[in-house]
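Predicted, not measured: the structure shown is a model, and the values here were computed from it.
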Amino acid sequence: MYYIYGIICHKLTSPLTFTVKQLANCTKNIIIIHVDKKLSEKEFNLMKKSFLSLSNVLFLEERHDVRWGGISQIDVML
């Protein structure tokens with residue numbers, strides 16, 4: 001059985017890196033990450049590069065401007 005984890009974030013942080021790497025240790029886990037559109041394209045690419053070696057980590061290329069605590073956050077989750 002596979003487990004899929006969805007993560008919504010707005011920037012690269014140490015807790016995010018730790019969590020993703022811990023989840024990615026299990027090959028039965030798939031981690032899908034949505035990065036808020038407010039993060040620049042350059043920083044988004046750096047974030048993707050930091051997890052490049054983890055084959056079970058996927059980034060959604062279609063990014064949305066999320067208003068935290070608003071309906072846009074729910075839309076991104078769905």
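- When all heavy atoms are compared, the tightest approach of Ser72 to Arg67 is OG-N, 2.7 Å.
- Atom NZ of Lys21 sits in a sparse spot, with 12 or fewer heavy atoms from other residues, nucleotides or ligands closer than 6.0 Å.
- Inter-residue side-chain proximity for Ser50 and Thr17 is flagged as unmet; no heavy-atom pair is nearer than 4.5 Å.
- One distance of note links CD1 of Ile7 with CG of Leu16; it measures 6.0 Å at 0.5 Å rounding.
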Verdict with reasoning, Thr19 to Gln22, per side chain to side chain contact (heavy atoms under 4.5 Å, CB included): CA-CA 5 Å; Thr19 301; Gln22 289 297 311; 5.9 Å; no
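- Note that CE of Met47 is 14.0 Å distant from CG of Leu52, once rounded to the nearest 0.5 Å.
- Contact check for Val20 versus Val57: side-chain heavy atoms found under the 4.5 Å cut-off.
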Under 3.5 Å, which donor-acceptor pairs link side chains of residues 26-38 to any protein atom two or more places apart or in another chain?
unit_1: Asn29; atom_1: ND2; unit_2: Leu23; atom_2: O; d: 2.8
unit_1: His34; atom_1: NE2; unit_2: His64; atom_2: N; d: 3.0
unit_1: Asp36; atom_1: OD1; unit_2: Lys38; atom_2: N; d: 2.9
unit_1: Asp36; atom_1: OD1; unit_2: Lys38; atom_2: NZ; d: 3.3
unit_1: Asp36; atom_1: OD2; unit_2: Lys38; atom_2: NZ; d: 3.1
unit_1: Asp36; atom_1: OD2; unit_2: Val66; atom_2: N; d: 3.4
unit_1: Lys38; atom_1: NZ; unit_2: Asp65; atom_2: OD1; d: 2.6
unit_1: Lys38; atom_1: NZ; unit_2: Val66; atom_2: O; d: 2.7

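- Put simply, the side chain of Gln73 gets close to the backbone of Gly69: a donor and an acceptor are under 3.5 Å apart.
- Glu62 CD: 12 or fewer foreign heavy atoms inside a 6.0 Å radius.
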Phe18 vs Thr13, side chain to side chain contact (heavy atoms under 4.5 Å, CB included): CA-CA, chis, key distance, verdict: CA-CA 9 Å; Phe18 176 81; Thr13 62; over 6 Å; no
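- Between the Arg63 side chain and the Leu39 main chain, a donor and an acceptor come within less than 3.5 Å of each other.
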